[in-house]
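Worksheet: one structure, shown below.
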Amino acid sequence: MVDTVHVRAFARFRELFGDALEVRVKVPATVRSVVQEIARMNPDGAHEILDGEGNLRKSVIVLVNRERIPGNGREDYPVHPGDEIALYPPVAGG
Amino acid sequence: MQRRQKGLSDRDRERYLRQLPLVGEEGQKRLLDASVCIVGAGGLGCPVSLYLAAAGTGYIRIVDCDIVSRSNLNRQVLYGEGDIGKSKAGVAAEKVGTLNPDIVIEPMEVSLSGDNGSTVADGVDIIVDALDNYPARYLLNKIALEKDIPLVHAAVTGYFGQLLTVLPGRSACLRCAVPHPPEITTSPPVIGVTAGIMGCMQAGETLRILLGDEPIARDALMVWDGKAGCWEKICISRDPECPGCGSWRNNG
């Protein structure tokens with residue numbers, strides 16, 4: 001079964017992936033399956049959201065339904081149909 | 001170290017005429033009695049120092065060990081062709097000093113390190129993080145936590161910027177907000193206005209704290225998207241496991 005998750009991309013990710021994405025993923029979905037689908041849909045920007053091993057880059061800030069998902073296990077965080085995921089890549093320069 | 005104000009002079013009343021209705025005489029005296037350390041005199045540090053000086057912040061310490069290069073000039077608006085090769089902290093202090101000669105500007109030509117961090121932040125009311133890399137930012141975050149001094153952080157890349165205000169023990173710290181720095185291999189591109197916008201936001205946040213108002217970026221990363229022309233607010237909580245502030249007492 002496939003369902004739709006709403007994705008909001010901020011800053012550089014908005015440039016790469018668009019403002020509001022509707023991502024179709026197999027259920028049960030996780031943060032990992034959503035970001036991997038985003039990378040599959042946007043091969044040119046995939047390396048900015050995934051590292052060399054195909055994992056979500058550690059620096060990327062993830063929110064599910066506007067709640068920050070911290071920690072190393074966040075890729076396994078469950079995402080339900082209709083949930084909103086937000087993704088932000090922090091910036092560094094000054 | 002800093003100018004101690006007994007009251008506003010006629011010259012002060014004239015200089016700050018257009019902001020006195022907003023901050024009041026007591027607020028203006030508070031600003032004139034305040035001391036701020038700006039670490040980094042680059043794209044962020046230039047507007048921060050200009051606007052804090054213009055508002056009458058009584059003592060401003062500008063910390064940077066770099067010299068001005070031509071590639072700085074698209075965004076570091078205190079410097080011109082004639083300043084290439086000169087100390088950023090020195091030129092910034094001189095130019096900001098001409099903007100407001102009634103305050104004290106102290107240049108400090110050092111590179112922030114574990115050895116000098118305490119001296120760099122000694123005796124100030126607020127620290128402004130106008131640095132350009134996360135190792136130094138994390139060190140400054142640590143110093144701010146240890147010395148119990150509010151920290152106003154910003155960073156920029158391209159058309160995008162972020163702002164976070166740290167109130168030690170009472171808010172999330174920089175490492176709660178950004179536990180893993182982005183992997184940077186080369187100097188990120190920056191359009192000058194992005195640094196200008198974020199530096200002005202830092203100056204505004206600093207004035208807000210000095211005047212006793214609630215900062216807008218406490219427990220929140222305020223993210224500016226200059227491509228879309230919009231702000232996003234990402235709420236951040238204190239992380240009890242945070243290597244920066246996890247062991248800090250909780251003051252609510």
Side-chain angles (χ1 to χ4, degrees), chain A residues 6-21 31-32 34-35 38-39 42 44-77 79 83-94, chain B residues 39-45 48 75-76 129-134 136-137 153-162 164 172 174 176-184 187-190 194-195 198-199 202 219-221 223-228 230-237 239-242:
Chain A
H6 309 289
V7 176
R8 297 191 64 211
F10 298 153
R12 172 69 177 148
F13 284 172
R14 180 183 274 132
E15 225 179 4
L16 288 169
F17 309 134
D19 189 4
L21 292 167
V31 166
R32 175 184 289 104
V34 173
V35 295
I38 293 169
N42 301 274
D44 290 348
H47 69 286
E48 296 203 32
I49 194 166
L50 300 180
D51 65 17
E53 276 84 53
N55 298 313
L56 176 63
R57 285 193 181 277
K58 280 185 176 177
S59 59
V60 174
I61 291 174
V62 179
L63 298 99
V64 175
N65 298 328
R66 310 212 169 198
E67 286 283 319
R68 171 84 175 270
I69 310 300
N72 292 330
R74 63 192 185 146
E75 286 185 83
D76 297 320
Y77 192 87
V79 177
D83 279 355
E84 179 193 271
I85 293 195
L87 300 163
Y88 170 62
V91 292
Chain B
V39 187
L44 293 167
V48 175
R75 65 201 184 282
Q76 301 184 16
D129 167 6
L131 289 156
D132 62 359
N133 68 89
Y134 274 89
R137 292 181 191 283
H153 155 88
V156 291
T157 293
Y159 292 89
F160 314 115
Q162 66 189 35
L164 174 79
L174 178 60
C176 299
V178 186
H180 301 284
E183 295 135 22
I184 303 294
S187 296
V190 183
T194 308
M198 298 313 298
Q202 284 181 290
D219 290 322
L221 266 178
V223 176
W224 166 244
D225 184 332
K227 277 268 178 158
C230 63
W231 290 93
E232 307 287 349
K233 186 172 189 174
I234 297 176
C235 293
I236 304 288
S237 302
D239 177 2
E241 306 298 319
C242 173

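Throughout, protein chains are lettered first and strands after them, A, B, ... in sequence-line order, and every chain is numbered starting at 1. Quick note: numbers below take in every heavy atom, side chains included, and nothing from hydrogens, waters or symmetry partners.
- Both the backbone and the side chain of B:Gln162 come within contact range of chain A, judged by heavy atoms closer than 4.5 Å.
- Only the side chain of B:Val223 comes within less than 4.5 Å of a heavy atom in chain A; its backbone stays farther off.
- Within the 4.5 angstrom heavy-atom criterion, only side-chain atoms of A:Arg57, from C-beta onward, approach chain B.
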Report task. Start with the C-alpha gap between B:Lys227 and A:Arg14, add the side-chain angles, then the distance that decides, and say whether side chain to side chain contact (heavy atoms under 4.5 Å, CB included) holds. Result -> CA-CA 9 Å; B:Lys227 277 268 178 158; A:Arg14 180 183 274 132; over 6 Å; no
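- With a threshold of 4.5 angstrom between heavy atoms, B:Pro181 approaches chain A through N, CA, C or O but not through any side-chain atom.
- At most 12 non-hydrogen atoms from other residues, nucleotides or ligands lie less than 6.0 angstrom from OH of B:Tyr159.
- A 6.0 Å sphere centred on CD of A:Glu67 holds no more than 12 heavy atoms belonging to other residues, nucleotides or ligands.
- Of the two parts of B:Arg75, neither the backbone nor the side chain holds a non-hydrogen atom closer than 4.5 Å to a non-hydrogen atom of chain A.
- Of the two parts of B:Cys230, only the side chain, counted from C-beta on, holds a non-hydrogen atom closer than 4.5 Å to a non-hydrogen atom of chain A.
- Residues of residues 87-94 of chain A lying within less than 4.5 angstrom of chain B, judged on heavy atoms, are A:Tyr88, A:Pro90, A:Val91, A:Ala92, A:Gly93, A:Gly94 in numerical order.
- In this structure, the separation between CZ on A:Arg68 and CD1 on B:Ile236 is 4.5 Å, given to the nearest 0.5 Å.
- Residue B:Ala195 does not touch chain A at all, counting heavy-atom pairs closer than 4.5 Å.
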